[in-house]
Visitor: 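What follows is a structure written as structure tokens; I'll ask about it next.
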Amino acid sequence: MVSKLIDQDDRFLGILDRLTTKSIDDYYNPYKLFEWPQSLPAAMWWMSPELTTTHGTEAAERLTQEQLYALSRHESINFYSLNVHGIRELLIEVTKRIHTTGFETPSEFFHHFIGEENEHMWFFAEFCLRYGRKIYRQPVGASVEIPRSHVESLLVFARILIFEELVDHFNSRMALDERLDETIRAINRIHHQDESRHIAFGRELVTVLFEDVKRTSSDEELKEIADYLRRYLTFSFESLYNPQVYRDAGIENPLDLRRELLESPARVEFERSVFRKTSKFLEKTGLI
Ligand SMILES: [Fe+2]
Ligand SMILES: [Fe+2]
């Protein structure tokens, strides 16, 4: 039981306390916080160029500056759309667990988590609808059911952590990127602030959940968990390469471009940098 393990862990209890207090102290009203200009200039980066899927590839050399800007605009809408879908999924899972047996101790923090995520989903959706006039559809395979078993909660929170760390890689960089409009920097900055708490919590929770699972699982089962998480890492990363984005940016053969980009040497380096911290954590705990 998760709560029992947390209750014996003074360090984790201290962290929970500190994070909860910080959530209360840093609380803001998202509906008043942001300024939403009528429009954002088209002829500029909407996403740091180093974080776009064509960066460092041969394909980028075939595109004009105007096309690269357009691509960054659609990729940015795709990125916030992925956030909307990811948050919906994690809200469902955390809401399912709050105040249920085993989750008594983290439930207080879950209240802040759920409240903050609802607000994140609002400002990401707002950005997409205002400046992109749409939310991109959820990538196929995203809502693949997590197998129902005694490891279900571990997989749920490991997925949430992977998703939040991926997003944070982008947020923390774009918050500081002076090439981006202030509206874009602000949503990335605010999200990064809240996510630092969620990630700190997630790492502790996943560690405890895994300790519990390890005691009752065979080597074969542990290998299945590792394989599942590896698949999820790849899937999450590849969802950044959305053919509909390439189509919207005026690329003629979007599926061909997607394949070319996924197979390009730049992809390997990009994926490694996005998951550098995450992989280190998952390896250190023995999850992968
Ligand atoms: Fe969030
Ligand atoms: Fe979060």
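For this chain, numbers begin at 1 and follow the sequence in order. When a ligand or atom number is given, it counts from 1 through the structure's own listing order.
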Visitor: Using salt bridge (charged side-chain N to carboxylate O under 4.0 Å, His left out) as the criterion, list what pairs up with Glu269, not counting sequence neighbours.
Guide: Arg272
Visitor: Indicate, with yes or no, if the rings of Tyr31 and Trp122 have centres closer together than 6.0 Å.
Guide: yes
Visitor: So do the side chains of Ile251 and Leu63 get within less than 4.5 Å of each other, counting heavy atoms only?
Guide: yes
Visitor: For Glu75 and Thr53, does a side-chain donor sit closer than 3.5 Å to a side-chain acceptor?
Guide: yes
Visitor: Suppose we call two aromatic rings close when their centres sit under 6.0 Å apart. Are Phe123 and Phe127 close by that rule?
Guide: no
Visitor: May I ask you to check whether Arg259 and Tyr241 show a side-chain donor-acceptor distance below 3.5 Å?
Guide: no
Visitor: Which of the protein's N, O or S atoms come within less than 2.8 Å of the Fe ion (ligand 2), not counting waters?
Guide: Glu117 OE2, Glu164 OE2, Glu195 OE1, Glu195 OE2, His198 ND1
